[in-house]
Participant: 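I'd like to ask some things about the structure below.
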Amino acid sequence: MLLLEFNQNRQGATTLIELAFSILASDFARLADEIAIAQSGGGTVVHVDVMDGHFVPNLTIGPPVVKSLRAATKLPLDCHLMIANPDELIPAFADAGADWISVHQETCPHLHRTLQSIEALGVRPGVVINPATPVDTILEVLPMVHHVLVMTVNPGFGGQKFISKTMEKVRRLAELRHELKLNYRIEVDGGVANDTVATVVKAGAELLVAGSAIFQPGKTKANAEEFLRLARGAAGQKA
């Protein structure tokens, strides 16, 4: 079995570890400022947690907020749709300015078609699996996706405890990427903080979603810098 200490693309080049900071943990009254501060600390992706109160027990934001975010930043907007009927809202999020849209395997009976529809709108498609969902359920769509998001907590709330067993799925996805000569990126979301980030990176992830570990009044920039220092150090990269 191949163990990858950090991700490589099919040409063998190392993929840079990136911080996808989750605005769910930010001050919603100051979203533009919060994004700018996290970016100044090295964050390179804005992770947008979209929850509908049905698929997950929480309600967050929709396309109008994404449209406002698009006007406030040039960073990629990574929209994670934790919603029961994603096909109905994908066009609205694309129109609002989403750069990446990921959907849950658990909510898409026609997953292939859903991912095709995202790509047809000029948006990079991603697929998400919950902690109890096996990697084998998404094997057929791996060649289609820009990224695979592995939930390392059960979706719906920030600040949850990291589920370490999910690292088996990250390792499996890293192995499959190498074996199948694919280029999808591996993203993790949930409980990723300074004490878990090295484990996540060594398992094979390089898109690291973090919110509670980053956003803190007066400390966001420093938190982002320290998080990336630890993450990239675990991968043998410069912070």
Side-chain angles (χ1 to χ4, degrees), residues 3-8 14-28 30-31 33-49 51 58 60 73 75-78 80 82 100 102 126 128-131 147-174 185-239:
L3 177 62
L4 299 180
E5 288 298 316
F6 48 88
N7 284 339
Q8 297 179 326
T14 301
T15 303
L16 183 67
I17 303 297
E18 294 189 73
L19 167 59
F21 52 88
S22 172
I23 60 170
L24 185 64
S26 69
D27 181 351
F28 272 38
R30 303 175 55 251
L31 276 177
D33 291 340
E34 293 277 70
I35 289 170
I37 295 168
Q39 182 180 4
S40 72
T44 49
V45 177
V46 182
H47 188 79
V48 183
D49 290 301
M51 307 180 191
N58 203 350
T60 56
T73 182
L75 293 180
L77 298 180
D78 172 21
H80 172 197
M82 289 171 272
W100 309 350
S102 57
V128 192
I129 51 176
N130 280 339
H147 61 288
V148 179
L149 172 51
V150 176
M151 291 302 300
T152 46
V153 299
N154 288 296
F157 295 95
Q160 296 185 63
K161 185 179 178 180
F162 179 79
I163 301 173
S164 59
K165 188 172 174 58
T166 57
M167 292 301 94
E168 296 175 10
K169 287 190 278 189
V170 174
R171 284 188 284 269
R172 176 65 175 144
L173 285 163
R185 304 192 70 187
I186 302 173
E187 186 173 30
V188 290
D189 183 3
V192 182
N194 290 5
D195 60 340
T196 55
V197 69
T199 298
V200 165
V201 169
K202 289 179 180 179
E206 72 270 338
L207 285 172
L208 312 177
V209 178
S212 301
I214 304 302
F215 289 102
Q216 189 176 2
K219 298 182 179 180
T220 297
K221 182 177 185 292
N223 287 348
E225 290 172 341
E226 176 64 7
F227 180 89
L228 283 168
R229 185 188 71 79
L230 294 169
R232 291 174 178 166
Q237 300 177 6
K238 292 183 179 180

Participant: Do the non-hydrogen side-chain atoms of Ile163 and Asn154 ever get within less than 4.5 Å of each other?
Facilitator: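 Yes, close enough: below the 4.5 Å cut-off.
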
Participant: Within the distance-only criterion (no hydrogens, no angle test), does the side chain of Lys169 pair as donor or acceptor with the backbone N or O of Asn130 below 3.5 angstrom?
Facilitator: yes

Participant: Please give me the minimum heavy-atom distance between Ala174 and Ala203, naming the atom from each residue.
Facilitator: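 That would be CB-O, 4.1 Å.
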
Participant: For Thr196 and Phe162, indicate whether the former's side chain and the latter's backbone hold a donor-acceptor pair under 3.5 Å.
Facilitator: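 Between the backbone of Phe162 and the side chain of Thr196 there is no qualifying donor-acceptor contact (under 3.5 Å).
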
Participant: For Lys165 and Pro131, indicate whether the former's side chain and the latter's backbone hold a donor-acceptor pair under 3.5 Å.
Facilitator: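 Not confirmed, Lys165 side chain does not pair with Pro131 backbone.
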
Participant: Would you call the rings of Trp100 and His147 parallel, tilted or perpendicular, taking 30° and 60° as the class edges?
Facilitator: tilted

Participant: Within the distance-only criterion (no hydrogens, no angle test), does the side chain of Ser26 pair as donor or acceptor with the backbone N or O of Glu34 below 3.5 angstrom?
Facilitator: no

Participant: Are Asp78 and His80 linked by a side-chain donor-acceptor pair shorter than 3.5 Å?
Facilitator: no

Participant: Give the minimum heavy-atom separation between Ile17 and Ala235, together with the two atoms involved.
Facilitator: CG1-CB, 3.9 Å

Participant: Is any side-chain heavy atom of Val46 less than 4.5 Å from a side-chain heavy atom of Gln39?
Facilitator: no

Participant: When you check the gap from the basic side-chain N to the acidic O, do Glu225 and Lys221 get nearer than 4.0 Å?
Facilitator: yes

Participant: Any side-chain heavy-atom pair from Ile214 and Thr220 closer than 4.5 angstrom?
Facilitator: yes

Participant: Pick from Leu228, Leu208, Leu19: which one makes a side-chain contact (heavy atoms from CB on, under 4.5 Å) with Val197?
Facilitator: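 Only one of Leu228, Leu208, Leu19 forms a side-chain contact (heavy atoms from CB on, under 4.5 Å) with Val197, namely Leu208.
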
Participant: Indicate yes or no: at least one non-hydrogen side-chain atom of Phe21 is less than 4.5 angstrom from one of Ile35.
Facilitator: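 They are in contact (side-chain heavy atoms under 4.5 Å apart), so the answer is yes.
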
Participant: How long is the straight-line distance from CZ of Phe215 back to CD1 of Ile37, given to the nearest 0.5 Å?
Facilitator: 8.5 Å

Participant: Look only at the side chain of Glu187 and the backbone of Val209, and say whether a donor-acceptor pair between them is shorter than 3.5 Å.
Facilitator: no

Participant: With a 4.0 Å cut-off, would you call Arg229 and Glu226 a salt bridge?
Facilitator: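 Salt bridge: yes.
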
Participant: Can you tell if the side chain of Met151 reaches within under 4.5 Å of the side chain of Thr166, non-hydrogen atoms only?
Facilitator: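 No, every pair of side-chain atoms sits at 4.5 Å or beyond.
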
Participant: So, taking the atom named CG in Leu207 and the one named CZ in Arg185, what distance separates them when rounded to the nearest 0.5 Å?
Facilitator: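 Nearest 0.5 Å value for the CG-CZ distance: 4.0 Å.
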
Participant: Is any side-chain heavy atom of Met51 closer than 4.5 Å to one of Leu24?
Facilitator: yes

Participant: Using modelled atom types and a 3.5 Å cut-off, is there a donor and acceptor pairing between side-chain atoms of Ser22 and backbone atoms of Ala210?
Facilitator: no

Participant: Write down the atom of Val188, the atom of Ala205, and the distance for their closest heavy-atom approach.
Facilitator: CG1-CB, 3.8 Å

Participant: Take Val128 and Asp189, measure what side chain to side chain contact (heavy atoms under 4.5 Å, CB included) needs, and give me the verdict at the end.
Facilitator: CA-CA 10 Å; Val128 192; Asp189 183 3; over 6 Å; no

Participant: With the side chain counted from C-beta on, respond yes when Met167 and Val200 share a heavy-atom pair under 4.5 Å apart, and no when they do not.
Facilitator: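 Side chain of Met167 against side chain of Val200, heavy atoms only: contact under 4.5 Å found.
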
Participant: Do you know the tightest heavy-atom contact between Ala38 and Ala224?
Facilitator: O-CB, 4.2 Å

Participant: Which atom pair, heavy atoms only, marks the closest approach of Met82 to Gly156?
Facilitator: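 Minimum heavy-atom separation between Met82 and Gly156: SD-N, 4.2 Å.
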
Participant: Would you mind reporting whether Val201 and Gln237 have side-chain heavy atoms less than 4.5 Å apart?
Facilitator: no

Participant: For a side chain to side chain contact (heavy atoms under 4.5 Å, CB included) check, start with the C-alpha distance between Leu16 and Arg232, then their side-chain angles and the critical distance, and finish with the verdict.
Facilitator: CA-CA 8 Å; Leu16 183 67; Arg232 291 174 178 166; 3.8 Å; yes

